[in-house]
Amino acid sequence: MAKKVSPYLQAISNDDSLPIEEVATQLWMTDLNNSFRWVLRPLLQLFFAILLHIVWFIKRLPFPQFSAHHFLQKTICWFCRYFVSPEANLLILRHFATESNILNFLSENTGHEHRVNLYPKTINDMLNSTFVDHDQELFDCFIKLGKSQAPISNNDILPRCTWDSWQPINMDDFHIKRRSTQILDFETSHALFMCLFCFLLKKDEYRDAINGFNLDQSIAIRVGRIINEPNLTELAYNKYPQYLLGPWNLGQRFLMHGFFTEHLYARLETIRLIQLEKSSPDSA
C-alpha cells in the first residue's frame, strides 16, 4: 500500500515556479516522505549538533592540527553504501555534477581554461572525486577567474553561450546498489557527516568548507551577467562570502546550497537545449 502524501508535499511536487529538473524534485519528495526522517532526524540532529560544536571548539584549541582526508572519504562512502537511502545517494552524486557543470560554464564563458572534472557515477567513484576536492575546486575556480566581468549591455534574452565542457545529467548513468539497511534520509546523514568533517579536517580547511556555500551569491551574479539574468541572485540563500560563519545552522545552509545548484543547473540546461534546438538544421 502506497504511503499517503500530504497536500503540502503534493503542492510543492507540482510547483514548477523555480527551475529544477523533475527527477531531482521526485528524489527529494521521496526523501521527505521517508518515515525514519521524522523519527530519527530530530534526535540525531540534536545530538550531532551538540557534538559538532564541541569538536569545533576542541579543534580551535592550541593543539597540533591534523587531517585524514582519505580516511574521511572512505568512512563517508562506507556509510553511504550501507545506511544512506538510495534517493539521498543519488542527490549527492547529482550535486557533484551540477556544481561541476556550473563552474565549467562560468569558466568557459569568461575566457578561462580552468575546468572541473568531478562527475562520480557511483559511491566508489567518490573515493577519488572527494568532497574535499569538491570544495577545493570551487576555491581554485574563483582564484583563477579573478575579477568579474562587467554586466553585458545588450538586450538579448538568450545570448550565445559555449557548452563544450557541459555534461548533461543522465540518471541512467548513476548506479546505486540498494540494500535493506539504507534507511537514513539526506538531512540525517549530513548531520553525521558534519561531525566527521570537522574532526578529520584541519580547522582552516573545515572553516573554508562551511563558508564556501556563501559563494553561491557570487556565482549567481557572475552567471547572471553571462546569460543576462541579474535576478538569478534570488536563487541564492547563502550570501556575503566576506562574513565568515561557524557551524551554526550548517545543515540548512548546506541544503540550500544543494537547491541553489539544482536550480541554476536546470536554468542553464534549459538555455542550452533552446540554443541547441535553434542551431539544428530542422529549425532553419
Side-chain angles (χ1 to χ4, degrees), residues 3 5-6 8-9 12-13 20 24-60 68 71-96 99 123 126 130-132 134-135 176 179-201 203 205-214 216 236-239 243-262:
K3 185 176 179 180
V5 179
S6 75
Y8 177 72
L9 293 185
I12 61 176
S13 179
I20 189 170
T25 299
Q26 293 308 313
L27 286 172
W28 181 244
M29 290 300 105
T30 303
D31 191 73
L32 287 179
N33 223 25
N34 183 339
S35 299
F36 292 97
R37 181 184 189 276
W38 302 103
V39 178
L40 292 177
R41 184 181 62 86
L43 297 175
L44 292 179
Q45 276 194 321
L46 176 61
F47 171 76
F48 286 126
I50 296 172
L51 181 60
L52 174 62
H53 283 79
I54 293 174
V55 175
W56 171 269
F57 172 75
I58 292 174
K59 292 285 282 190
R60 268 144 189 78
F71 178 73
L72 168 65
Q73 204 64 32
K74 284 185 65 175
T75 304
I76 290 176
C77 289
W78 174 82
F79 192 80
C80 287
R81 192 177 299 115
Y82 289 100
F83 300 107
V84 178
S85 72
E87 293 77 21
N89 276 319
L90 288 171
L91 286 170
I92 293 171
L93 292 173
R94 278 185 63 91
H95 182 68
F96 275 90
E99 187 159 311
I123 293 173
M126 291 193 293
T130 69
F131 288 96
V132 176
H134 176 73
D135 294 331
I176 302 292
R179 293 178 167 88
S180 59
T181 53
Q182 292 176 310
I183 62 172
L184 294 184
D185 64 279
F186 188 95
E187 290 180 86
T188 305
S189 304
H190 180 253
L192 173 60
F193 294 164
M194 290 189 299
C195 297
L196 284 173
F197 268 85
C198 189
F199 182 66
L200 295 176
L201 294 181
K203 63 179 183 181
E205 290 177 326
Y206 186 71
R207 180 206 62 198
D208 290 353
I210 65 176
N211 279 280
F213 308 147
N214 293 339
D216 288 351
Y237 173 87
N238 299 296
K239 300 180 178 182
Y243 182 59
L244 298 186
L245 299 170
W248 180 256
N249 199 31
L250 179 57
Q252 181 178 0
R253 290 192 283 123
F254 177 80
L255 198 60
M256 298 306 289
H257 167 68
F259 283 133
F260 168 75
T261 59
E262 284 285 359

Please set out all donor-acceptor pairs under 3.5 angstrom arising from side-chain atoms of residues 188-197, sequence neighbours excluded.
residue	atom	partner	partner atom	Å
T188	OG1	D185	OD1	2.5
T188	OG1	D185	OD2	3.3
S189	OG	D185	O	2.8

Non-neighbouring partners of E187 that pass salt bridge (charged side-chain N to carboxylate O under 4.0 Å, His left out), sequence neighbours left out: R37
Check whether [X] reaches the backbone of [Y] with its side chain - one donor and one acceptor, N or O, closer than 3.5 Å.
X	Y	answer
K59	F199	yes
N211	L245	yes
N238	R253	yes

Could you tabulate the donor-acceptor pairs under 3.5 Å formed by side-chain atoms of residues 74-84, not counting sequence neighbours?
residue	atom	partner	partner atom	Å
T75	OG1	F71	O	2.8
R81	NH2	N124	OD1	2.5

Distance col, row H53:NE2 vs L250:CG, nearest 0.5 angstrom, shows 9.0 Å
To the nearest 0.5 angstrom, please state how far the CG atom of D216 sits from the OG1 atom of T261. 7.5 Å
Where A88 and L184 come nearest, the two heavy atoms and their spacing: CB-O, 4.5 Å
Check T25 against S13 and note the closest heavy-atom contact, atom names and distance. CG2-O, 4.0 Å
Do [X] and [Y] have side chains that approach each other closer than 4.5 Å (heavy atoms only, starting at C-beta)?
X	Y	answer
Q252	Y237	yes
M126	I92	yes
L201	R207	no
F186	L27	no

Tell me every residue that passes side-chain hydrogen bond (donor to acceptor under 3.5 Å, both in side chains) with [X], counting only those two or more places apart in sequence or in another chain.
X	result
Q182	none
R94	E21, E262
R41	Q45

Who are the side chain to side chain contact (heavy atoms under 4.5 Å, CB included) partners of [X], not counting sequence neighbours?
X	result
D208	F139
T30	E87
Y8	S6, I12
I183	F36

With C198, the side-chain contact (heavy atoms from CB on, under 4.5 Å) member among I54, L52, I210, I58: L52
F260: ring-ring contact (aromatic ring centres under 6.0 Å, His included) partners, not counting sequence neighbours: none
Could you walk me through whether L91 and W28 pass the side chain to side chain contact (heavy atoms under 4.5 Å, CB included) check? CA-CA 8 Å; L91 286 170; W28 181 244; 3.8 Å; yes
Would you call the rings of H257 and H95 parallel, tilted or perpendicular, where under 30° means parallel and over 60° means perpendicular? perpendicular
